[in-house]
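Note that this is a predicted model, so its numbers are computed, not measured. For ligands, and for the atoms within them, numbers begin at 1 and follow the listed sequence. Position 1 is the first residue of the sequence, and the numbers go up from there.
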Amino acid sequence: MIVLGIETSCDDTSASVLQDETTILSNIISSQTEYHKKYGGVVPEIASRKHQEHIIPVVTEALEKAGKTIDDIQGVAVTQGPGLVGSLLTGINVAKAIAYARKLPLVGVNHLEGHLLAPHLEHEVPYPNVTLVVSGGHTNIYLVKQHGSYELLGKTRDDAAGEAFDKVAKLLDLGYPGGVVIDRLATDERCNAIAFPRPMLNDDTYDFSFSGLKTAVLYHVKNAGGELDDDMIADVVSSFQAAVVEILVKKTLDAALEHKVPAITIGGGVAANSMLRARIEEAAGKHGIPVSRPSMILCTDNAAMIAYAGLKKLLADTDFPYSMNAISRWPL
Ligand code: KG4
Ligand code: ZN
């Protein structure tokens with residue numbers, strides 16, 4: 001089955017052509033970073049307008065790159081939520097138009113299920129497993145019993161991990177999006193330079209809290225008089241990143257050990273973080289638990305993961321109504 005995936009939930013416009021469950025024929029991502037960076041974050045109104053400009057060229061390019069035409073497409077999958085409603089609606093309306101004109105099945109996908117399943121595009125992931133979905137909007141740990149059966153074990157009570165990266169980068173004036181910049185500046189040698197707190201590290205839940213850590217960074221910067229040289233910035237970002245990673249790794253590993261699963265997977269933008277990727281593999285490896293991580297391009301927002309999650313739904317059922325609508329808040 002050949003599925004066209006469309007993803008416009010936040011600030012990237014993406015379209016992908018997926019053939020069966022593992023062959024990504026194309027995965028085109030048009031970034032809007034340059035339009036948002038001067039505001040230090042995503043401006044929803046700009047995002048939806050830019051999606052409108054970019055979506056048709058992006059879909060066209062996805063088909064071309066795949067060597068397919070619209071006649072080859074057998075189903076359409078689109079992110080239905082959660083996300084910015086104006087952005088979601090752009091993708092949904094294009095997906096509806098294509099599906100309606102071509103009499104194709106149309107399926108709405110939860111963006112979080114896309115991130116959760118992204119590792120499956122490249123790896124044989126056994127069930128049950130524990131999956132960490134860690135992005136700019138979510139930090140969730142799931143017990144995945146089988147495909148489609150997701151038990152939320154814990155989530156953040158305030159900021160998402162990616163949001164904390166973005167806010168810390170902003171207060172240090174490092175630019176946007178923050179996670180990538182911090183990842184680049186942070187080093188292992190400096191990760192113990194400052195003893196930032198590890199909120200909720202040893203409580204008996206799988207929940208997270210990152211806003212206190214962000215505040216600790218803010219006070220550290222204020223106490224330093226606001227002016228930080230490059231060495232001091234490297235100390236701050238390395239120590240901050242180490243704190244976030246330690247919390248994410250410990251909670252994910254604890255969940256995997258408690259539920260005695262044979263595998264861990266990670267997904268979402270923060271899963272691209274080099275320290276997280278190294279540390280979770282090292283920690284899980286000590287217990288003989290393999291970690292499946294998507295390649296970088298499949299960590300951050302992309303339509304291939306939406307096409308994959310949609311394809312799995314279409315294989316089970318093709319009777320989805322064209323009347324589906326955007327869902328801005330949609331827990332998984
Ligand atoms: O999954 P994603 O592309 O969009 C959401 O669904 O939120 O994740 C974006 C988030 C941003 O907060 C960004 O700063 C973070 O992922 N991120 C990273 C890295 N790359 C992206 N955080 C840490 N290290 C990275 N390498
Ligand atoms: Zn995302």
Side-chain angles (χ1 to χ4, degrees), residues 5-14 16 27 29-33 36-37 40-42 44 47 78-84 87-88 91 109-119 131-140 155-156 159-172 174-187 191 208 210-211 213-214 237-238 240-249 265-280 293-306 308-309 328-332:
I6 294 178
E7 150 63 39
T8 60
S9 66
C10 190
D11 62 338
D12 288 323
T13 313
S14 182
S16 168
N27 186 26
I29 302 165
S30 167
S31 166
Q32 296 185 5
T33 300
H36 299 282
K37 68 176 175 211
V42 177
V78 63
T79 306
Q80 190 174 1
L84 302 170
S87 293
L88 290 166
V109 170
N110 186 309
H111 183 82
L112 295 173
E113 189 178 16
H115 280 308
L116 186 153
L117 294 176
T131 298
L132 172 70
V133 174
V134 61
S135 69
H138 296 86
T139 309
N140 294 349
K155 63 182 193 321
T156 183
D159 292 350
E163 193 179 354
F165 271 94
D166 294 337
K167 286 178 175 171
V168 165
K170 194 172 178 178
L171 77 90
L172 293 171
L174 296 178
Y176 160 86
V180 186
V181 190
I182 290 179
D183 193 354
R184 198 173 59 233
L185 295 177
T187 65
C191 73
F208 301 93
F210 292 109
S211 77
L213 173 57
K214 170 198 69 193
V237 295
S238 306
F240 160 76
Q241 177 175 275
V244 174
V245 166
E246 185 179 338
I247 299 163
L248 294 174
V249 169
T265 77
I266 59 174
V270 183
N273 183 267
S274 47
M275 183 187 245
L276 175 61
R277 292 167 84 90
R279 295 270 168 99
I280 199 162
R293 310 162 309 181
S295 54
M296 297 299 198
I297 197 77
L298 297 176
C299 288
T300 42
D301 289 349
N302 68 89
M305 68 184 192
I306 301 303
Y308 178 83
S328 64
R329 290 177 183 274
W330 185 8
L332 180 75

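- In terms of protein heavy atoms, atom 2 (P) of ligand 1 is closest to D301 OD1, 3.2 Å.
- When only interatomic distances are considered, the shortest N/O to N/O separation between S274 and ligand 1 does not fall below 3.5 Å.
- Residue-ligand proximity, D183 to ligand 1, at heavy-atom distances under 4.0 Å covers atoms 24 (N), 25 (C), 26 (N).
- Less than 4.0 angstrom separates some heavy atom of G162 from each of these atoms of ligand 1: 12 (O).
- Checked by distance only, ligand 1 and G179 come closer than 3.5 Å through their nitrogen or oxygen atoms.
- Annotation: F165 places no N or O atom under 3.5 Å from an N or O atom of ligand 1; distance criterion only.
- If you look at D301 and ask which of its N, O or S atoms sits nearest the Zn ion (ligand 2), the answer is OD1.
- H111 contributes NE2 and H115 contributes NE2; the angle these two atoms make at the Zn ion (ligand 2) is 90°, rounded to 10°.
- Checked by distance only, ligand 1 and N273 come closer than 3.5 Å through their nitrogen or oxygen atoms.
- Distance from atom 17 (N) of ligand 1 to its nearest protein heavy atom, with residue and atom name: G269 O, 3.5 Å.
- Of all heavy-atom pairs between A47 and C10, the closest is CB-O, 3.8 Å.
- Of the candidates G136, P82, G83, it is G136 that places a heavy atom closest to atom 9 (C) of ligand 1.
- Nearest residue to atom 12 (O) of ligand 1 from D166, L112, V42 is D166 (criterion: closest heavy atom).
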